[in-house]
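Per chain, numbering begins at 1; letters A, B, ... match sequence-line order.
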Protein chains: 2
Amino acid sequence: MPKVGMEPVRRKALVDAALRVIGDQGTLAVTMSDIARRAGVSPALAHHYFGSKEQLLIETVRSLLRQLRDDTVTALNVAPTPREKLSALIRVSFQASQFAPDTVAAWLAFYSEAQRSEDVRRFLVVYARRLRSNLVANLKALCSVDDAERIAEGAAAMIDGLYIRQSLRSAPIGIEASIALTEDYVTSHLDQLHRQGRAK
Amino acid sequence: MPKVGMEPVRRKALVDAALRVIGDQGTLAVTMSDIARRAGVSPALAHHYFGSKEQLLIETVRSLLRQLRDDTVTALNVAPTPREKLSALIRVSFQASQFAPDTVAAWLAFYSEAQRSEDVRRFLVVYARRLRSNLVANLKALCSVDDAERIAEGAAAMIDGLYIRQSLRSAPIGIEASIALTEDYVTSHLDQLHRQGRAK
DNA sequence: TATTTTTGATTGACTCATCAATCAATAAAA
DNA sequence: TTTTATTGATTGATGAGTCAATCAAAAATA
């Protein structure tokens, strides 16, 4: 069995397994055994490569965020105009992979963990800032900085809120409806500024 | 010490203590000992009255929701017109007691727990439905049912989203700003319908 | 009124299970 | 042979839940 060069393979397998287990159980209170079993290795190996559960969890948030960032960069590159970039940002937030019940559950778990772990909190703050600044940057092309910041704040809140409500699975809102609602928010506010002669 | 009729006193003290400890630590993974200590009794007594940790936690969500419901009823009674009732609903959501960091942390923890506990989930679904139906009921007086449902969905999402973002304490949005953003959302959409002649 | 009995309140000590973390041992490649 | 990968076995800590025993108020009885 033992082959050389397994480290990166195992690390990735363990991080992926962690995300799946966390999504499944909807909590960070999963055991190293659960994660290791899902990754097909022994718990001891997980400790060997990550040192501690905390560290594995941190790598897991990091990985989730990296995925989202990469998707965002790609989507932004494809969209030509500021207005289309705004739509792209919204679409990426609700894309299937992000909006799947398991992923939503994992996000929620990380938000909760951020109350305790300064490291996890820092990562989530980075995500919040990035979304906000992407929105502001493109809104600025369409209205004043002040208005851009206000609209960005609202849109970001609406995106996060739709996630939370998705997590309850009571009246599943659906990807399309979520996108429409957020698009509508942005459009409606930009239109309003337009009528008031405050748009660019 | 032992006096008769302590049961209701202890139950309340324990539920209150649970909420405080959960808010403090930002997680439901608190020990019965922590809760009992905060309530000034032994862990055994907590078990005696609630049977299990799960049950104490359920009573705690129930209590949080009851508080919110009572505040909502009061606020709605004071507001005379539908439009003012809408403002009242928004204001209650962000009132100081609900928006305090500890309370926000507790809400988040419960949302996360809802992924596991069907009981907790049910309570949160009730909250979500109640907010939605209160919003719809008053919006219906101002626009069509379809529009009312759409706007209610958006406003509810925005409220929940502002909570989440509050929990990160990165760029604290503040009570006033949160209320303004949500008010703005409702006003702006109602105005839009008005211009399109779709308002009542 | 004085005494006994009953009952609710309360806890310390204990059990049992779980889990993160460690480590010594093994196996395969280099 | 040295290094890397891997695990089974073990440990130490923690925490939920149980239980038998204690204490004092209240109720019943004399």
Tell me whether B:R11 forms a cation-pi arrangement with B:F50, defined as NZ or CZ under 6.0 Å from the six-membered ring centre and within 45 degrees of its axis.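 Yes.
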
With a sphere of 6.0 Å drawn around NZ of B:K200, does it hold more than 12 non-hydrogen atoms of other residues, nucleotides or ligands? yes

Any salt bridge (charged side-chain N to carboxylate O under 4.0 Å, His left out) involving residues 38-48 of chain A? Give me the pairs, sequence neighbours left out, ordered by first then second residue. A:D24-A:R38

Between [atom2] on [N] and [atom1] on [X], what's the gap in Å once rounded to a whole number?
X	N	atom1	atom2	result
A:I35	C:dC19	CD1	C1'	12 Å
A:R37	D:dG8	CZ	P	12 Å
A:L45	D:dG8	CG	C1'	13 Å
A:R11	D:dT6	CZ	C1'	16 Å

Does B:R198 have any salt bridge (charged side-chain N to carboxylate O under 4.0 Å, His left out) partners at least two apart in sequence or in another chain, and if so, which?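 Listed in chain order: B:D147.
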
side-chain hydrogen bond (donor to acceptor under 3.5 Å, both in side chains) between B:Q55 and B:S52, worked out: CA-CA 5 Å; B:Q55 202 51 44; B:S52 72; 5.0 Å; no

Could you tell me whether the phosphate oxygens of C:dT10, OP1 or OP2, come under 4.0 Å of any side-chain nitrogen or oxygen in B:R10?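 Yes, because at least one side-chain N or O of B:R10 sits under 4.0 Å from OP1 or OP2 of C:dT10.
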
Go through the structure and list residues passing side-chain hydrogen bond (donor to acceptor under 3.5 Å, both in side chains) with A:S112, not counting sequence neighbours. A:R116

Touch class at under 4.0 angstrom, heavy-atom based, for A:Y49 against every strand present: sugar-phosphate

Each nucleotide of nucleotides 16-21 of chain D classed B (base within 4.0 Å of a protein heavy atom), S (only sugar-phosphate) or -, in 5' to 3' order, makes SBBB--

For DNA chain D, which residues of residues 17-25 of chain B approach it to below 4.0 angstrom with any heavy atom?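 The stretch gives none, as no residue of it lies under 4.0 Å from the strand.
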
Answer with yes or no whether the side chains of B:T74 and B:R69 bring together a donor and an acceptor at under 3.5 Å.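 The criterion, which ignores hydrogens and geometry beyond distance, is not satisfied for B:T74 and B:R69.
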
Less than 3.5 Å apart, which donor and acceptor atoms pair up between the side chains of residues 155-166 of chain A and the rest of the protein, not counting sequence neighbours?
unit_1 : atom_1 : unit_2 : atom_2 : d
A:D160 : OD1    : A:Y127 : OH     : 3.2
A:D160 : OD2    : B:R165 : NH1    : 3.0
A:Y163 : OH     : A:S93  : O      : 2.4
A:R165 : NH1    : B:D160 : OD2    : 3.0

